[in-house]
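Notes to accompany the following structure.
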Amino acid sequence: MKRNFFRLATYNANGIRARLHIILPWLKEHRADCLCIQETKVRNEDFPQKPFGEMDMNVAFSGQKGYNGVAVVSPHEIRDITTGFGLEKEDQEDAARLLTCRILDFDIVNTYVPQGRALDHPNFQKKLEWFSRLRDLFSKRYSVSDKFVWCGDINVAPEEIDVYAPEKKLNHVCFHESVRKAFKECMGWGISDCFRAVHPGEPEQYTFYDYRIPKALERKLGWRIDHILATKPLCTNIQDCFIDIEPRKAKKPSDHTFLVADFRI
DNA sequence: ATGGTAGTAAAACTA
């Protein structure tokens, strides 16, 4: 059965080799046209290409040892793959956090935005700069009239409803006003939050549950920090956008949290 | 106010 929409999803794997038992069945069941993965935590030479190839999926990946790492999986051809910000002397970590490609007539940017560690840590400045560098990349390489999607682990809860106990998170690197502002300024290039376009004002819609917090899912102690942002040609054609959490299928509840958007084509 | 656990990969480190 051919569908009249393009299904794009994003998933933070926290180690792709430890999540294949979740990712492979999920791909089969949901028939995503594009799955963007972050925190693969695997160097390129060790990337598990075979299991994807065996189910006729193409993969593009960019990783480093132990940390970070991004990948794109698709049943379609993955073209024009780039990693990092496209500098002559590319930073290894940036290359393992940013991968762009074309699938059908969609321009896709998959990012694992630096978490930032602490407000007074140098990594937090790097995080803020990432958003302006991304906006520069968008405006340099793409047009707002393109079918363009930026998705991934953005590490920002944009609004109070996007995190539990927001009053206690004002100095958190994923909720501080400076990082929310930086994210919004980046979006100001011309992209909108697909999830909020479909579910405006809906509270307790989270994409991330810290596995260190006991029963975080049941207690609704989560964050909406993974996002799918799209330009107007796509935003005006969103059929659906939803968070797929199926804890019954996972050993741990946070193992199985996908953010999905369906774009009418 | 802090810590809680998981993954990678072989002792810390990031989240």
Side-chain angles (χ1 to χ4, degrees), chain A residues 10-24 26 36-51 59 61-71 91-98 110-131 151-158 162-176 178-180 182-183 206-227 243 245-259:
Chain A
T10 180
Y11 175 68
N12 184 311
N14 187 26
I16 192 169
R17 287 169 290 182
R19 297 287 178 271
L20 289 172
H21 67 288
I22 288 167
I23 295 169
L24 300 174
W26 191 91
C36 293
I37 304 173
Q38 305 83 37
E39 281 204 83
T40 55
K41 293 189 174 182
V42 61
R43 36 156 98 79
N44 290 342
E45 54 267 41
D46 296 329
F47 191 93
Q49 264 184 287
K50 271 187 206 126
V59 284
F61 45 84
S62 180
Q64 64 179 152
K65 183 177 138 185
Y67 311 105
N68 311 322
V70 283
D91 182 87
Q92 279 306 299
E93 187 179 329
D94 288 346
R97 289 177 174 276
L98 169 55
N110 176 21
T111 65
Y112 174 40
V113 175
Q115 192 259 10
R117 293 183 74 156
L119 292 185
D120 58 359
H121 192 279
N123 284 18
F124 188 68
Q125 276 311 309
K126 265 180 63 182
K127 180 180 191 175
L128 296 181
E129 287 162 14
W130 245 71
F131 290 104
C151 73
D153 180 346
I154 313 289
N155 266 320
V156 180
D162 296 318
V163 60
Y164 74 97
E167 69 284 357
K168 291 177 185 167
K169 305 294 181 192
L170 294 170
N171 289 323
H172 192 287
V173 289
C174 296
F175 190 62
H176 190 263
S178 62
V179 82
R180 292 160 63 194
F183 176 44
Y206 304 134
T207 62
F208 167 71
Y209 295 89
D210 193 331
Y211 42 68
R212 294 171 296 188
I213 300 174
K215 305 239 183 280
L217 183 69
E218 295 89 319
R219 295 161 65 200
K220 299 178 176 171
L221 304 180
W223 296 72
R224 196 174 72 87
I225 55 173
D226 302 87
H227 304 289
I243 299 160
I245 303 180
E246 296 187 63
R248 285 170 302 160
K249 295 188 180 174
K251 290 178 196 154
K252 294 131 222 136
S254 53
D255 278 1
H256 202 273
T257 306
F258 294 79
L259 173 64

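Convention: sequence-line order gives letters A, B, ...; per-chain numbering from 1. Hydrogens, waters and symmetry mates play no part in the numbers below; they use all other heavy atoms, side chains included. Just so we're clear, the structure is a prediction, and the values are computed from it rather than from any experiment.
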- [ ] With sequence neighbours left out, write down each residue that passes salt bridge (charged side-chain N to carboxylate O under 4.0 Å, His left out) with A/Arg17, or none if nothing qualifies.
- [x] none
Open item on the list: Counting only side-chain heavy atoms from C-beta out, which of B/dT8, B/dA15, B/dT14 sits nearest to A/Tyr67?
Closed with: B/dT14
- [ ] Mind checking side-chain contact (heavy atoms from CB on, under 4.5 Å) for A/His21 and listing every partner two or more places apart, or none if nothing turns up?
- [x] A/Lys251
- [ ] Tell me whether the OP1 or OP2 atom of B/dG7 has a side-chain N or O from A/Lys65 closer than 4.0 Å.
- [x] no
Open item on the list: Between A/Arg17 and B/dA9, is there a contact of a side-chain N or O with OP1 or OP2 at under 4.0 Å?
Closed with: yes
- [ ] Please measure how far the C1' atom in B/dA11 lies from the corresponding atom in B/dA6, and state the result in whole Å.
- [x] 16 Å
Identify every side-chain donor-acceptor pair in residues 63-71 of chain A under 3.5 Å, counting partners at least two apart or on other chains, and give the distances.
{"residue": "A/Gln64", "atom": "OE1", "partner": "A/Asn68", "partner atom": "ND2", "Å": "2.4"}
{"residue": "A/Asn68", "atom": "OD1", "partner": "A/Arg97", "partner atom": "NH2", "Å": "3.0"}

Open item on the list: Using atom C1' in both nucleotides, what's the gap between B/dA12 and B/dA1 to the nearest angstrom?
Closed with: 25 Å
- [ ] With sequence neighbours left out, write down each residue that passes side-chain contact (heavy atoms from CB on, under 4.5 Å) with A/Ala18, or none if nothing qualifies.
- [x] none
- [ ] Grab the CD1-C1' distance between A/Ile16 and B/dG7 for me, whole Å please.
- [x] 13 Å
Task: Sugar-phosphate only, base, or nothing, as touched by A/Arg97 at under 4.0 Å among non-hydrogen atoms - done: sugar-phosphate
Open item on the list: Work out how far the P atom of B/dG7 is from that of B/dT2, and round it to whole angstrom.
Closed with: 27 Å
TODO: Take the protein atom CG of A/Asn68 and the nucleotide atom P of B/dA6, then report the distance between them rounded to whole Å.
DONE: 21 Å
TODO: Tell me which of A/Thr40 and A/Phe208 sits closer to the 5' end of DNA chain B, going by the nucleotide each one is nearest to.
DONE: A/Thr40
- [ ] Would you indicate which nucleotide in B/dT8, B/dC13, B/dA15 comes nearest to any side-chain atom of A/Lys41?
- [x] B/dT8
Open item on the list: With the threshold set at under 4.0 Å for non-hydrogen atoms, list the residues of residues 110-119 of chain A touching DNA chain B in residue-number order.
Closed with: A/Tyr112, A/Gln115, A/Arg117
Pairs under 3.5 angstrom, nitrogen or oxygen only, protein versus nucleotides 1-5 of chain B, please.
none

Task: Nearest-Å distance once atom P is located in both B/dG3 and B/dT8 - done: 25 Å
- [ ] List for me each residue that meets side-chain contact (heavy atoms from CB on, under 4.5 Å) alongside A/Lys168, sequence neighbours excluded, and say none if there are none.
- [x] A/Ala165
Task: Interatomic distance where CD belongs to A/Gln64 and C1' belongs to B/dG7 [whole Å] - done: 14 Å
Open item on the list: Test your reading of the model: is there a side-chain donor-acceptor pair from A/Asn44 to the backbone of A/Asp46, 3.5 Å cut-off?
Closed with: no
- [ ] Apply ring pair (Phe, Tyr, Trp, His ring centres under 6.0 Å) to A/Phe175 and list each qualifying residue two or more places apart in sequence or on a separate chain.
- [x] none
Task: By side-chain contact (heavy atoms from CB on, under 4.5 Å) - contacts of A/Tyr164 (at least two apart) - done: A/Lys169, A/Tyr206, A/Ile213, A/Leu221, A/Trp223
TODO: Pick out which of A/Asn155, A/Thr111, A/Asn110, A/Asp153 makes a side-chain hydrogen bond (donor to acceptor under 3.5 Å, both in side chains) with A/Gln38.
DONE: A/Asn110
Task: Between B/dT14 (P) and A/Asn12 (CG): distance, integer Å - done: 16 Å
Open item on the list: Without decimals, in angstroms, what is the distance between A/Ile37 CD1 and B/dG7 P?
Closed with: 16 Å
Open item on the list: I'd like to know whether A/Glu39 forms a salt bridge (charged side-chain N to carboxylate O under 4.0 Å, His left out) with A/Arg19, so could you lay out the CA-CA distance, the side-chain angles of the two residues, the decisive distance to 0.1 Å, and finally the verdict.
Closed with: CA-CA 11 Å; A/Glu39 281 204 83; A/Arg19 297 287 178 271; over 6 Å; no
TODO: Using whole Å, report how far CH2 of A/Trp223 lies from P of B/dA15.
DONE: 14 Å
Task: Atom-pair distance (CZ on A/Phe124; P on B/dA15), nearest Å - done: 13 Å
- [ ] Return the value, rounded to whole Å, for the distance between atom NZ of A/Lys126 and atom C1' of B/dT14.
- [x] 13 Å
Task: Euclidean distance for C1', B/dA9 against B/dT14 (whole angstrom) - done: 14 Å
